[in-house]
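What you see below is based on every heavy atom in this structure, not just the backbone, and it leaves out hydrogens, waters and symmetry mates. Nothing fancy with the numbering, it's 1 onward along the sequence. Because the structure is predicted, anything quoted here is derived from the model rather than measured.
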Amino acid sequence: MPAVSKGDGMRGLAVFISDIRNCKSKEAEIKRINKELANIRSKFKGDKALDGYSKKKYVCKLLFIFLLGHDIDFGHMEAVNLLSSNKYTEKQIGYLFISVLVNSNSELIRLINNAIKNDLASRNPTFMCLALHCIANVGSREMGEAFAADIPRILVAGDSMDSVKQSAALCLLRLYKASPDLVPMGEWTARVVHLLNDQHMGVVTAAVSLITCLCKKNPDDFKTCISLAVSRLSRIVSSASTDLQDYTYYFVPAPWLSVKLLRLLQCYPPPEDAAVKGRLVECLETVLNKAQEPPKSKKVQHSNAKNAILFETISLIIHYDSEPNLLVRACNQLGQFLQHRETNLRYLALESMCTLASSEFSHEAVKTHIDTVINALKTERDVSVRQRAADLLYAMCDRSNAKQIVSEMLRYLETADYAIREEIVLKVAILAEKYAVDYSWYVDTILNLIRIAGDYVSEEVWYRVLQIVTNRDDVQGYAAKTVFEALQAPACHENMVKVGGYILGEFGNLIAGDPRSSPPVQFSLLHSKFHLCSVATRALLLSTYIKFINLFPETKATIQGVLRAGSQLRNADVELQQRAVEYLTLSSVASTDVLATVLEEMPPFPERESSILAKLKRKKGPGAASALDDGRRDASSNDINGGVEPTPSTVSTPSPSADLLGLRAAPPPAAPQAPAGAGNLLVDVSSDGPVAQPGLGPTPEEAFLSELEPPAPESPMALLADPAPAADPGPEDFGSPIPEADELLNKFVCKNNGVLFENQLLQIGVKSEFRQNLGRMYLFYGNKTSVQFQSFTPTVVHPGDLQTQLAVQTKRVAAQVDGGAQVQQVLNIECLRDFLTPPLLSVRFRYGGAPQSLTLKLPVTINKFFQPTEMAAQDFFQRWKQLSLPQQEAQKIFKATHPMDAEVTKAKLLGFGSALLDNVDPNPENFVGAGIIQTKALQVGCLLRLEPNAQAQMYRLTLRTSKESVSRHLCELLAQQF
């Protein structure tokens, strides 16, 4: 680029910037900016024509003011005029202003296009580069239509300078990513491939980026690039660091180009030409050999560049999956990294070995590192590395090491991080089923799983063990004996009670001959857990009791006494009441033969693929499907893998609320279970997933939204829902919220799960999920004492006009909460229109005869209905300018109350609900977000910008929405989080 002369320093701009920096307040800054804007406006409108230097200076000032966050509505024409200047610095400022401030819908686009055409035709390489940079930065469709045919011609022209070729390649790449249909494929595609042979390494690097993107859509058009890429890679790999001095980075020749070439080769299968393939294999071996050499520098940049090439090489070896020698060498190299002191290297090594484990050539080599991986699982300090170690153990598991791996994962599960416990539970369940050498080991493993991490054992897991036990006669007796012993533990998880209730109800007769597990003992053991369980589990146990009457007639009188008890026949829960009445009548009226027919043993489940693997895929995300589908070793697994999966239409599904007797054609769905016990009053309210419901797997968004709709009056769900109250009680009926209510509410602005309130008597936990304008919240009330709560009544209150803004449907909870027990309440929420005040939660009960009451603010704020929105930089600035009215903006400058950590700030903004937009704000330290507040009546678009100042420990938060009240309220909510 031409050197900037000393006279181009623009002293006036430097003085203005200094004045802005010296302002003591926001008001002083605005005053100084307004003064400068008035001066610039007068200069532009004055009669005296401005010279190029003055125009450049004033345009620079406008650009600086815009970057401070102020709107600029003039000066565009002066910037366009600068494009026609013959001075580099003036033309540069003109293009810079246009790239930043001119949007794609501007009326000046035609004038700008004409100026760009003139510069592209000028054959001046400096001016051509400026024009190409502007096209790439604006990247609008109109510019693409105007120049998409010219840029390829410039790129492959023989007389184009190297810098112009670089710019043209990257500009074409930008246009192709924005609008692929605008870039025509033609004869230039064959010529652009030959740029890989260009002598200028910068041109080659830019061309590789372009070809890699183009060949993903049109692989056949660029197939000739394979041999050229291999040739260029070979020259780089075999060269010494002194051969490519200008492109050597800390003794590593052209590391960025090497990585790009390796990624390009991953777009194609192995080369068919033997000579090309041999040369490529030689390159890959050279990279692996260099990894073994002592480092030429102790600087971290050297090791980073060297390892980047190595890991990309290993990725290519894995992609080809055709060279056993290279695969084993890659595995051995990764094995050396497993004990490296650098955490990132250990993480990447574990991640790459997960993929290597699925290859038939390298699986055995991966297994040799099992002890190192197990040690990493136990000792790693970083949770992400421990998670990758668990993934690798799962991937390397086969029949020879299944027991060892499952045992280690179970042992780790006892101290595992809460965030990955459910995933490990699913993996243990899959491995135990897939590689079970005998069914007794499988049953033991699943029961251990429930004992160690019962809260994280989903319905799919314990359904699965019931299906396998039901389908296998040879394991039923062992399962009944094992689960009977497990139920004798003083503290027994509710999922264990469910499994025990089902298995003993079906196969308890197989162990009834032993006096230690006689029918009365079995019944007493199960009934001792009855009052500690949730409604769903009690419903299952009632079905077990009626099964006992058929299996063990001697228990009939005792069980009828339980069914006849007032607590059952007059139970507040309609499901329990209905079961007790029906089962009591059935046992009294039906003959022995009829009873035996109705209550006969469940038939085997139909063969169907396990649902646990599908659940694990959903949890890991779509990118993990190939890693989890280890079809290579499926053939060696026995028929336990061809298990079954319960479906809603299968009447024999062992769902806690399903009608096990088939007395009703359409059983109502069960309420989600809540684990009991004083030691663990809350379910996993810290996890991100929704609370699982029996028989219901994760559903698509449409299903989620339909589930949240209030049930139709004629549906079975209507029987479980409370009738709508005649009038919503006002807040004055329940007193004022507790003093710390606002502080408790603020903790939930950026998160959905946690403990809302806790004192010496009561613990209230919250777990919620929101999509669009609908939400579902689970409230968990835990009795921390040993005394029963009487007249327990939680009520949701709508203060003021909130009832017209927010609809909340609640389900009644039991009036008594036993000591050490927990009850759950489900709230369905619909945002009708924007609101400012949250609903109140009033909890009243009697403890030891004394009335207790408290009122909290329910953690439902307007940002919960925030749907993140992704947008490009130009769209963001265009929308930002549209929301420029004073009443549409809310801004707050405040002191940081927490340590200013960028990752924590990012997590809070994501938790707040907005999408974080990268590469939008010119200052990379700032955060920019966008989203839409979804209500039933309207949608409110929202843009936010958070500017941290670490030196001053201050933040400036700016929010712009289409509604004034929403802007102010969101600004207040978010500012309190920092």
Side-chain angles (χ1 to χ4, degrees), residues 402 406 410 425-426 428-451 454 457-488 492-514 517 519 522 525-526 529 537 540-541 543-545 547-548 550-552 599-613 637-647 650-656 658 660-661 694-695:
V406 168
L410 281 173
V425 165
L426 293 173
V428 170
I430 292 170
L431 295 178
E433 177 184 341
K434 192 172 187 179
Y435 301 114
V437 291
D438 60 75
Y439 293 96
S440 58
W441 175 74
Y442 171 73
V443 171
D444 288 339
T445 300
I446 300 300
L447 294 184
N448 271 334
L449 208 55
I450 296 174
R451 177 183 58 81
V457 177
S458 60
E459 276 75 13
E460 286 87 349
V461 175
W462 67 266
Y463 280 174
R464 191 69 175 157
V465 71
L466 296 183
Q467 296 160 7
I468 290 174
V469 170
T470 303
N471 287 13
R472 301 292 304 190
D473 296 339
D474 54 344
V475 78
Q476 291 166 358
Y478 179 83
K481 177 185 176 183
T482 307
V483 79
F484 176 79
E485 294 171 352
L487 288 173
Q488 291 176 329
C492 186
H493 194 275
E494 190 166 351
N495 280 340
M496 186 72 79
V497 178
K498 292 177 183 177
V499 174
Y502 185 90
I503 291 180
L504 292 180
E506 292 294 320
F507 315 113
N509 59 308
L510 300 178
I511 60 171
D514 190 334
S517 56
Q522 291 185 39
L525 181 60
L526 285 174
K529 315 289 184 185
T537 306
L540 187 145
L541 289 179
S543 299
T544 300
Y545 296 167
K547 287 273 190 173
F548 272 14
N550 179 47
L551 291 175
F552 316 119
L599 301 174
E600 66 180 352
E601 185 179 307
M602 284 290 179
F605 288 89
E607 296 297 324
R608 189 172 287 123
E609 182 186 358
S610 171
S611 62
I612 306 177
L613 185 61
S637 57
N638 59 17
D639 58 51
I640 195 171
N641 303 324
V644 290
E645 172 188 2
T647 61
T650 305
V651 295
S652 57
T653 300
S655 169
L660 298 182
L661 303 179

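- Between the CZ atom of F484 and the CD1 atom of I511 there is a distance of 6.0 Å, given to the nearest 0.5 Å.
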Next item on the list: Under the side chain to side chain contact (heavy atoms under 4.5 Å, CB included) rule, what do R464 and V461 come out as? Steps first, then yes or no, please.
Entry: CA-CA 5 Å; R464 191 69 175 157; V461 175; 5.8 Å; no

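- Across W462 and V499, no two heavy atoms sit closer than the pair CB-CG2, 3.6 Å.
- Expressed to the nearest 0.5 Å, how far OG of S543 lies from OH of Y545 amounts to 11.0 Å.
- The side chain to side chain donor-acceptor pair (under 3.5 Å) pairs that include a residue from residues 479-488 number zero, where partners must be two or more places apart or lie in different chains.
- D514 pairs by the side chain to side chain contact (heavy atoms under 4.5 Å, CB included) definition with R516, S517, not counting sequence neighbours.
- Residues F605 and Y502 share a closest heavy-atom pair of CZ-OH, 4.0 Å.
- Taken from CD in E433 to CD1 in I446, the straight-line distance is 8.0 Å, to the nearest 0.5 Å.
- In this structure, the separation between CG on L466 and CG on N471 is 11.0 Å, given to the nearest 0.5 Å.
- In this structure, L449 CG and M496 CE are separated by 9.5 Å, a value rounded to the nearest 0.5 Å.
- Nearest heavy atoms, K498 versus T537: CE-OG1, 3.1 Å.
- Side-chain atoms of V406 and Y435, non-hydrogen and from C-beta on, never get closer than 4.5 Å to each other.
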Notebook entry, point to check: Hey, mind stepping through Y478 and R472 against side chain to side chain contact (heavy atoms under 4.5 Å, CB included) and telling me if it holds?
Noted result: CA-CA 11 Å; Y478 179 83; R472 301 292 304 190; over 6 Å; no

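- In terms of heavy-atom proximity, Y439 sits nearest to V475 at CB-CG2, 3.5 Å.
- Distance check, rounded to the nearest 0.5 Å: NZ of K529 to NE2 of H493 gives 12.5 Å.
- No side-chain donor-acceptor contact under 3.5 Å links E506 to the backbone of E601.
- Scored by the ring-ring contact (aromatic ring centres under 6.0 Å, His included) test, F548 finds F552 as partners (sequence neighbours excluded).
- Pairing each heavy atom of K547 with each of E600, the nearest pair is NZ-O, 3.0 Å.
- Scanning both residues, C492 and A486, for their nearest heavy atoms gives SG-O, 4.2 Å.
- The backbone N or O of G508 sits less than 3.5 Å from a side-chain atom of Q522, completing a donor-acceptor pair.
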Check: Would R451 and N448 satisfy side chain to side chain contact (heavy atoms under 4.5 Å, CB included), going step by step from the backbone distance to the final call?
Finding: CA-CA 5 Å; R451 177 183 58 81; N448 271 334; 3.3 Å; yes

Next item on the list: Take L487 and L504, measure what side chain to side chain contact (heavy atoms under 4.5 Å, CB included) needs, and give me the verdict at the end.
Entry: CA-CA 11 Å; L487 288 173; L504 292 180; 4.0 Å; yes

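- Under the rule for a side-chain hydrogen bond (donor to acceptor under 3.5 Å, both in side chains), N509 has no partner lying at least two apart in sequence or in another chain.
- You'll find the side chain of V425 stays beyond 4.5 Å of the side chain of S458, heavy atoms only.
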